[in-house]
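Below you'll find the structure, written out as structure tokens, and then a few comments.
All values reported here derive from a predicted model rather than from experimental measurement.
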2 protein chains.
Amino acid sequence: MEAARLTVQDLGYGGLSFRELAKAVGIKSASIHYYFPTKGALGEAIMRRYVEHYARYLEGILEGGADRATALRRYTDVFRETLLNGNRLCLAGMLAAERNELPAEVRAEVVAWGEMNERWIARVLALGGAAGAEDLRGRARAIFAAVSGAQMVAHGRHEVAVYDEVVATYRASGLIP
Amino acid sequence: MEAARLTVQDLGYGGLSFRELAKAVGIKSASIHYYFPTKGALGEAIMRRYVEHYARYLEGILEGGADRATALRRYTDVFRETLLNGNRLCLAGMLAAERNELPAEVRAEVVAWGEMNERWIARVLALGGAAGAEDLRGRARAIFAAVSGAQMVAHGRHEVAVYDEVVATYRASGLIP
DNA sequence: ACCTGAACACCGTTCAAGT
DNA sequence: ACCTGAACACCGTTCAAGT
């Protein structure tokens with residue numbers, strides 16, 4: 001699973017090969033089909049594991065009692081770390097691009113990733129104690145989209161500095177509190 | 001070229017097949033290799049054509065004498081139209097995700113797309129006549145990244161409404177003037 | 001229960017052979 | 001100059017056959 005995740009983040013869903021993966025874990029490609037009948041089933045499992053991992057991680061930040069600015073800093077650092085790790089793109093970002101050729105079960109997990117991120121950001125925004133009339137969920141979605149875009153653009157240029165610069169501009173403009 | 005572009009925007013670089021493309025244009029796959037020796041050469045040509053097309057289109061907006069707000073509205077509408085057209089992603093956005101498995105010549109065109117967009121947005125921002133001390137290029141890059149991210153998230157959900165909502169939030173927050 | 005080799009229809013690429 | 005069929009090593013998937 002771990003080897004498969006790293007491959008997808010590196011080369012995309014299309015770049016994930018049963019034969020290569022089998023070689024990496026020391027069995028034959030047909031054997032992987034015993035556990036994951038189709039590539040879609042494998043992709044779904046990888047993605048589900050990814051969402052759960054980061055849901056736990058982000059939950060930990062809030063349980064640690066971080067304030068709004070600190071929590072959002074930790075959040076943007078997550079996407080930064082992914083870039084530092086072999087110029088990788090967020091797994092869901094990778095799959096979102098390939099959406100139109102993904103099996104339905106993998107698409108569903110990509111949507112789950114976005115919803116998990118938005119829910120978490122909305123909770124963090126609420127920490128500010130600002131007006132309750134504010135549309136926190138919409139604002140959270142915009143932050144999620146903007147950060148994802150910053151990662152994608154920096155990934156395309158293979159320069160972490162681009163990510164840092166763009167995210168800093170988001171903060172300066174007030175999009176990210 | 002047109003058929004190839006639509007396929008890449010729909011299914012990604014990996015989803016583009018010489019055999020399928022040949023079928024679409026009525027020749028054999030080996031014949032395409034006569035014009036484009038490798039898939040990288042074909043990808044480069046598609047991408048270059050794409051950048052030039054939109055460079056002309058955006059240039060036209062400025063020559064038409066649009067003011068800042070109008071020009072930026074037309075800009076975000078370009079990405080919106082792409083989503084409406086079969087839930088397609090911007091060609092460069094598609095390729096940026098697949099970056100790590102792209103041939104070098106295609107990567108270079110993806111970077112060229114970003115630079116073209118940033119230059120144009122910076123010129124539009126200057127129309128505002130605001131302080132010259134402002135870092136227009138950095139701001140332009142942030143807008144480009146944010147709009148690209150909005151398109152990607154909306155693409156992953158297959159909902160144009162998500163794009164509209166996120167871009168509206170960018171405007172409300174002041175990121176996009 | 002878990003693994004495998006062999007087959008199937010796909011893929012990009014090459015190349016000798018055609019007009 | 002332009003096109004083609006055939007071959008090569010890849011791909012996901014299936015399945016009968018092994019332990």
Side-chain angles (χ1 to χ4, degrees), chain A residues 1-50 89 91-92 94-110, chain B residues 1-50 89 91-92 94-110:
Chain A
M1 295 277 291
E2 188 65 9
R5 175 184 69 83
L6 289 170
T7 301
V8 175
Q9 278 187 269
D10 192 27
L11 304 176
Y13 185 74
L16 175 65
S17 148
F18 274 67
R19 284 179 177 80
E20 288 297 320
L21 183 58
K23 213 176 292 175
V25 299
I27 56 177
K28 297 297 172 182
S29 79
S31 305
I32 299 182
H33 284 279
Y34 177 76
Y35 299 95
F36 305 101
T38 64
K39 193 172 176 179
L42 175 58
E44 181 188 10
I46 297 167
M47 193 58 212
R48 192 189 300 270
R49 188 163 161 274
Y50 189 78
L89 205 60
L91 180 58
M94 200 80 195
L95 293 174
E98 297 177 281
R99 181 191 186 278
N100 290 355
E101 56 177 348
L102 293 181
E105 61 268 32
V106 184
R107 289 182 185 179
E109 288 301 319
V110 171
Chain B
M1 295 277 292
E2 189 64 10
R5 175 185 69 82
L6 289 170
T7 301
V8 175
Q9 278 187 270
D10 192 28
L11 304 176
Y13 185 74
L16 175 65
S17 149
F18 273 68
R19 283 179 178 80
E20 289 296 322
L21 183 59
K23 214 175 291 175
V25 298
I27 56 176
K28 298 296 172 182
S29 79
S31 305
I32 298 182
H33 284 279
Y34 176 76
Y35 300 95
F36 306 100
T38 63
K39 193 172 177 180
L42 175 57
E44 181 188 11
I46 297 167
M47 192 60 212
R48 192 188 300 268
R49 188 164 161 273
Y50 190 78
L89 205 60
L91 181 58
M94 200 80 194
L95 294 175
E98 298 177 281
R99 181 192 186 278
N100 290 355
E101 54 177 347
L102 293 181
E105 61 268 32
V106 184
R107 289 181 185 179
E109 288 302 319
V110 171

Considering every strand and a 4.0 Å limit on heavy-atom distances, what is the contact class for [X]: base, sugar-phosphate, or nothing?
| X | value |
| --- | --- |
| A:Leu21 | nothing |
| B:Ser17 | sugar-phosphate |
| B:Leu42 | nothing |

Partner of D:dC10 by Watson-Crick or G-U wobble geometry, both contacts under 3.5 Å, or none? none
Which base sits across from D:dA16 as a Watson-Crick or G-U pair, both distances under 3.5 Å? C:dT4
To the nearest angstrom, how far is [X] atom [atom1] from [N] atom [atom2]?
| X | N | atom1 | atom2 | value |
| --- | --- | --- | --- | --- |
| B:Ile27 | C:dG18 | CD1 | P | 21 Å |
| A:Leu16 | D:dC10 | CG | C1' | 15 Å |
| B:His33 | C:dA16 | NE2 | C1' | 16 Å |
| A:Glu101 | D:dC11 | CD | P | 16 Å |
| A:Lys39 | D:dC11 | NZ | P | 10 Å |
| B:Tyr35 | C:dG12 | OH | C1' | 19 Å |

Name the closest nucleotide to the [X] side chain, picking from [options].
| X | options | value |
| --- | --- | --- |
| A:Phe18 | C:dG12, D:dT13, D:dC11 | D:dT13 |
| B:Ala30 | C:dC3, D:dG5, C:dG12 | D:dG5 |
| B:Arg19 | D:dC11, D:dT13, C:dG12 | C:dG12 |
| A:Lys28 | C:dG5, D:dC3, D:dT13 | C:dG5 |

As an exercise, state the distance from [atom1] of [X] to [atom2] of [Y], rounded to the nearest 0.5 Å.
| X | Y | atom1 | atom2 | result |
| --- | --- | --- | --- | --- |
| A:Phe18 | A:Ile27 | CZ | CD1 | 10.5 Å |
| A:Glu98 | A:Met94 | CD | CE | 5.5 Å |
| B:Arg5 | B:Leu16 | CZ | CG | 12.5 Å |

Can you tell me if A:Ser31 touches the phosphate of C:dC2, counting only side-chain N or O atoms and a distance under 4.0 Å to OP1 or OP2?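 No, A:Ser31 has no side-chain N/O under 4.0 Å of OP1/OP2 on C:dC2.
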Look at A:Tyr34 and C:dT4 and indicate whether a side-chain polar atom (N or O) is within less than 4.0 Å of OP1 or OP2.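 So the side chain of A:Tyr34 is outside the cut-off, no N or O lying under 4.0 Å from OP1 or OP2 of C:dT4.
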Could you check whether any side-chain N or O of A:Arg107 sits under 3.5 Å from a backbone N or O of A:Arg99, counting only pairs where one atom can act as donor and the other as acceptor?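 At least one qualifying donor-acceptor pair exists.
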Can any side-chain N or O of B:Glu44 pair as donor or acceptor with the backbone N or O of B:Val106 at less than 3.5 Å?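 Checked: no pair found.
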